[in-house]
Number of protein chains: 2
Amino acid sequence: MARSAVTRDPPGKGASPATPKSRPGQRSAHPKTPRRLKQIEAKRTAMLDAALGLFSRAGLHGTTVEQIAEDAGVSKTNLFYYFASKEEIYVAVLSRLLDEWLAPLRAIEPDADPVVAIGEYIRRKILFSRTQPAASRLFCLEIVQGAPLLKRELETSLKQLVDAKAAMIRGWTAAGKLAPVDPHHLIFAIWATTQHYADFAGQIDALLGTGLDDEAFANAAAENVSRIILEGIRFRPIP
Amino acid sequence: MARSAVTRDPPGKGASPATPKSRPGQRSAHPKTPRRLKQIEAKRTAMLDAALGLFSRAGLHGTTVEQIAEDAGVSKTNLFYYFASKEEIYVAVLSRLLDEWLAPLRAIEPDADPVVAIGEYIRRKILFSRTQPAASRLFCLEIVQGAPLLKRELETSLKQLVDAKAAMIRGWTAAGKLAPVDPHHLIFAIWATTQHYADFAGQIDALLGTGLDDEAFANAAAENVSRIILEGIRFRPIP
DNA sequence: GTCTATAGCACGATAGAC
DNA sequence: GTCTATCGTGCTATAGAC
């Protein structure tokens, strides 16, 4: 919140029509041989990877451009050749991950058996928390802080996706395949429980001395979350 | 992560023995009349309240002391008379809230009926998310970022509390009063689902246009979370 | 495209009068 | 205790040589 919030339009790839300063993706003195393009893309990726790691631990304002450059193995100046500002790096990191973040929800099919489908969804979300904990934490930070940069995306793409899946869940309940539950609260519960293992990994480690790094713990987490959400914890004698 | 991490010992109330600079809590030129002490305490509280609101939205590094001073209705210099550094304010805010954050878990009694007790716990946690969303978000930010300042507290007090309650839950299961579930994963699930409504309020608002501010929504949230965790979502014909 | 050097400025923190 | 004024630092971003 401190200094600004995107003061000028960042000359990235998509938006602004008039970008005087040349950028690596675009034309340059050298012809863009496939080899060169690949180098450039690799460098961009290294920078974004480094930025993801740092932003996810310290947030936008807690990370300096110099740290990103160092972690990516480039000079600070060179980084500013690829990205016009720190905010532009931040947005690039977020938008690169959005699709992947939503993929598990997209993958749910209405025709599947609900209990199987939801079990699989939970498994996938925990796998994401396991393989991409930094991404999960960055989204968490961004949303907790009001998602100034993601809000629009949430209100359009995400809402559309969630509404569709909510209707699907309602259909399952209407067909007598699922207990009556508000679909949105169910989705929130699944998001919350699965992302918790990445976002609150520090707390879990402090309490248990382990985390999703440990495969056995990851399996136990998926198993317990599935059981709690699907079966509940009320005691039921074996029928 | 940027610049420092508590470079010098903050001359607050507890720790460091030698604090040359006088502080409002301690002796001053004026005798500490009850009236004066009360004024000072009120001011301190106003400052911490302002800091909580800002830190919870923008984190430690995204908040400036000038903003805190402005929100609290004091000058920046005056704020530095009460607190030696920004970090000291941050720590003071966190430690003021810790007890309250853990109170609902502490309140669970082993002799209670598990289903009732857990339902009540969920209700209280959602009430906390509703009445103290800023506190919940600040803890979320702090833990996501690795809880550099809370880690010790988590490893000692919190661990002790959680281990005790985990044993209690295991006792319920052993007594046939609760379905078999790993107590830690159950506690995580309850934390995650209930705190989600405060921490991800921005996302929920983007999706549904409402939140815990709305009492009806808050009731629906508590009701649905309780139902999901206690009963599960698998369809069961009425017996 | 990549470097060295530095401009420019916001911010945390302090000095010293009252 | 509170104020005005200011210092010093560390950071983002740019200029300009190569």
Side-chain angles (χ1 to χ4, degrees), chain A residues 1-8 10-11 20-33 35-37 39-44 46-47 51 54 58-70 72-90, chain B residues 1-8 10-11 20-33 35-44 46-47 51 54-55 58-70 72-90:
Chain A
M1 204 149 295
R3 18 220 122 168
S4 66
V6 185
T7 46
R8 54 166 173 172
K21 204 165 153 193
S22 97
R23 277 279 125 73
Q26 287 135 285
R27 88 237 95 187
S28 75
H30 301 273
K32 33 186 173 180
T33 71
R35 180 152 180 76
R36 188 104 194 98
L37 276 177
Q39 271 183 22
I40 288 169
E41 205 44 48
K43 204 160 189 178
R44 240 187 98 94
M47 290 169 174
L54 289 162
L60 173 62
H61 301 293
T63 302
T64 72
V65 179
E66 191 142 30
Q67 289 176 320
I68 301 173
E70 195 179 342
V74 301
S75 72
K76 190 171 55 161
T77 326
N78 195 213
L79 210 163
F80 273 113
Y81 179 76
Y82 283 78
F83 298 94
S85 70
K86 187 163 80 159
E87 259 107 0
E88 190 181 306
I89 306 175
Y90 188 75
Chain B
M1 204 151 297
R3 4 214 136 179
S4 67
V6 184
T7 46
R8 53 164 176 175
K21 205 164 151 194
S22 97
R23 278 278 122 74
Q26 287 134 285
R27 90 236 95 188
S28 75
H30 301 272
K32 33 185 172 179
T33 72
R35 179 153 181 76
R36 186 105 195 98
L37 277 177
K38 206 169 177 183
Q39 270 184 23
I40 288 169
E41 205 45 49
K43 204 160 190 178
R44 240 186 96 94
M47 290 170 175
L54 289 163
F55 284 145
L60 173 62
H61 301 295
T63 302
T64 72
V65 293
E66 190 141 32
Q67 288 177 320
I68 300 172
E70 194 179 341
V74 302
S75 70
K76 189 169 62 158
T77 327
N78 195 213
L79 209 164
F80 274 112
Y81 179 78
Y82 283 77
F83 298 94
S85 69
K86 188 164 81 161
E87 259 105 1
E88 190 180 307
I89 305 175
Y90 188 76

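Lettering of chains follows the sequences in order, A, B, ..., and the numbering in each one begins at 1. Since we're looking at a predicted model, the values are computed, not measured.
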Between Ser75(A) and Glu66(B), which residue's closest nucleotide on DNA chain C lies nearer the 5′ terminus?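 The 5'-side residue here is Ser75(A).
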**Request:** Establish, with yes or no, whether the OP1 or OP2 oxygen of dT14(D) is under 4.0 angstrom from a side-chain nitrogen or oxygen of Lys76(A).
**Result:**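 No, because none of the side-chain N or O atoms of Lys76(A) sits under 4.0 Å from OP1 or OP2 of dT14(D).
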Can you tell me if the side-chain N/O atoms of Tyr81(B) get under 4.0 Å from OP1 or OP2 in dC3(D)?
->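 No.
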Tell me: [atom1] of [X] to [atom2] of [N], nearest whole Å?
X	N	atom1	atom2	answer
Met47(B)	dG1(D)	CE	C1'	10 Å
Lys86(A)	dG10(D)	NZ	P	15 Å
Asn78(A)	dT14(D)	CG	C1'	15 Å
Phe83(B)	dA13(C)	CZ	C1'	16 Å
Ile89(B)	dC11(C)	CD1	C1'	13 Å
Arg44(B)	dT2(D)	CZ	P	14 Å
Glu88(B)	dT14(C)	CD	P	11 Å
Glu41(B)	dG1(D)	CD	P	12 Å

TODO: Classify the side chain of Thr77(B) versus the base of dT4(D) as yes if they form a donor-acceptor pair under 3.5 Å and no if they do not.
DONE: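 Such a pair is found, so the answer is yes.
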Straight-line distance of Glu66(A) CD to Ser75(A) OG, nearest 0.5 Å: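 Atom-to-atom, Glu66(A):CD and Ser75(A):OG are 9.5 Å apart.
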Side-chain touch [X]/[Y], heavy atoms, less than 4.5 angstrom:
X	Y	value
Asn78(B)	Met47(B)	yes
Ile40(B)	Tyr82(B)	yes
Ile89(B)	Phe55(B)	yes

| task | Search all heavy atoms of Ile68(B) against all heavy atoms of Leu79(B) and return the closest pair with its distance. | result |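 Heavy atoms of Ile68(B) and Leu79(B) come nearest at CG2-CD1, 3.7 Å.
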Over all strands shown, is Tyr82(B) touching base, sugar-phosphate only, or nothing at heavy-atom distances under 4.0 angstrom?
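Result for Tyr82(B) = sugar-phosphate.
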Which residues pass the side chain to side chain donor-acceptor pair (under 3.5 Å) test with Gln39(A), sequence neighbours left out?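 Listed in chain order: Arg36(A).
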If you check every side-chain atom of [X], which of [options] has the closest atom?
X	options	answer
Ile40(B)	dA13(D), dA13(C), dG1(D)	dG1(D)
Thr64(A)	dG1(D), dT12(D), dA13(C)	dT12(D)
Phe80(B)	dG1(C), dG12(C), dT2(D)	dG12(C)

> To 10°, what angle do the rotation axes through the five end pairs on each side of the helix from dG1(C)-dC18(D) to dC18(C)-dG1(D) form?
Replying inline: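 End axes: 10° apart.
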*For Lys86(A) and Thr64(A), indicate whether the former's side chain and the latter's backbone hold a donor-acceptor pair under 3.5 Å.*
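Not a single qualifying donor-acceptor pair exists.
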